[in-house]
Amino acid sequence: MESAGHSGAGPSKSSIAEVFLVFLRLGLTSFGGPVAHLGYFREDFVVRRKWFDERSYADLVALCQFLPGPASSQVGIAVGLSRAGYAGALAAWAAFTLPSAIALVLFAYGVAALGDATGSPWLHGLKIAAVAVVAQAVLGMMRSLAPDRERATLAVMAAIITLAVPSVWGQIGAIALGGIIGFAILRGGVAQTGHVAMPLPIGRTAGTIALLVFFALLIALPLFAAGSDLLPLHLFDSFYRSGSLVFGGGHVVLPLLQAEVVPPGWVTNDQFLAGYGAAQAVPGPLFTFAAYLGAVIGGWWAAVLCLVAIFLPSFLLVIGVLPFWEDLRRESWMQSALRGINAAVVGLLLAALYDPVWTSGITSASDFAIGIAAFLALVMWNVPPWLVVILCAVAAGGVAAAM
């Protein structure tokens, strides 16, 4: 699998430090939820750094949408893995996750400033920035992945399905329909030339071992926890299962986490809701809410334990599935299906641009003015997304102060 990497869109390797710093900046500036994160990732890894081509990135997003767990974090883990091996995967995850995890642990210890920030103008400005970032991603992906009327129609169909069935099943159904239609009717047209393989330092043996470990822990942890009074074991079991069995990302995992931590009395319902409010005010993946819950339950050690437990399934699944996926996506029938799947992914992004990104970010004429200025800055002036995020926060604060 190593040799496949040399045909990549950019340099075949990156240093661990480079991967860490790239994802640290994303972890500090990526507001707006998992779909917005994928927009930030695309701008950085496809457009600016050219680590991947558009199709390879869309294939990876489609795969992670099918896997349980946080899709944006799984994409990040896969990017780190392909650029710098296992250490790169760990560096990407840590850098993207730790800023919000640390902020939420501090909030659990009583730093209430973040809680007070949940309704502040600058936070609303960050949501406006997410609108511009996702709109740019939709535009760019539409041009390359849905350039003809068949795939553009499929993208709009996927958006309609996703909006009509606002759940993870609507998303999975739209992607599955895209694959079926792609397999059936998108075999003609432009040939799938220049397949760009992700550089992977792992093979099928490592992938098989990772999948076996994933399922072994999923089965064994509840059995061991049932016969033990050890709190760390019960915590690890609860958070590992939560990370293993949830499709659709952070917001979907919240009810499951609430059912795991509130009934046993580990966390009160008020503490749970307060932490959920704070989690909306920080960048990065919403799964870092696990660190807050762990800190409330037992302090720093429990925060680290819960954070590792909820993300461990993502590591095992990405490492386990990617070697097989990379071979599978070379097949001609799968490439036909992927043409439809990638068009459906554009539709998912289009639906998310409306809800929740637009509906939470654009609530007034001034919001719209800031949003279109941010979109102009990104698309026509090539302003870096992190600077657009800061400018949107400042502009929203200035508008609020002037009113």
_Quick check against the 3.5 Å criterion: does Asp237 have a side-chain atom that pairs as donor or acceptor with the backbone of Leu233?_
no
*I would like to know whether Glu260 and Arg241 meet salt bridge (charged side-chain N to carboxylate O under 4.0 Å, His left out); could you show each step before the answer?*
CA-CA 10 Å; Glu260 291 286 342; Arg241 276 188 290 107; 2.9 Å; yes
_Residue pair Phe272 / Leu257: nearest heavy atoms and the distance that separates them_ = CE1-C, 4.0 Å
_Contacts of type side-chain contact (heavy atoms from CB on, under 4.5 Å), residue Phe215, not counting sequence neighbours_ = none
_Considering all heavy atoms, the nearest His37-Ser72 contact_ = ND1-OG, 3.2 Å
_Closest non-hydrogen atom pair, Thr153 against Arg149_ = OG1-O, 2.6 Å
*What residue among Phe315, Phe20, Phe287 forms ring-ring contact (aromatic ring centres under 6.0 Å, His included) with Trp93?*
Phe315
*Short question: side chain of Gln74, backbone of Pro68 - any donor-acceptor pair under 3.5 Å?*
yes
_Nearest non-hydrogen partners of Ala290 and Cys306, listed with the distance_ = O-CB, 3.5 Å
*Short question: side chain of Thr97, backbone of Ala94 - any donor-acceptor pair under 3.5 Å?*
no
_Under 3.5 Å donor-acceptor, Tyr109 side chain and Ala295 backbone_ = no
*Taking the six-membered ring for Trp, are Phe96 and Tyr40 ring centroids under 6.0 Å apart?*
no
*asked:* Test your reading of the model: is there a side-chain donor-acceptor pair from Thr288 to the backbone of Pro285, 3.5 Å cut-off?
replied: yes
_Main-chain N/O of Arg25 paired to Thr29 side chain as donor or acceptor, under 3.5 Å_ = yes
*Nearest atoms (heavy-atom pairs only) where Leu348 meets Ala174*: CD1-CB, 3.8 Å
_Distance in Å, Phe324 CZ paired with Leu211 CG, rounded so as to fall on 0.5 Å steps_ = 6.5 Å
*Within the 6.0 Å centroid threshold, strictly below: Phe23 and Phe45*: yes
*Backbone N/O of Phe214 and side chain of Tyr240: donor-acceptor pair under 3.5 Å*: yes
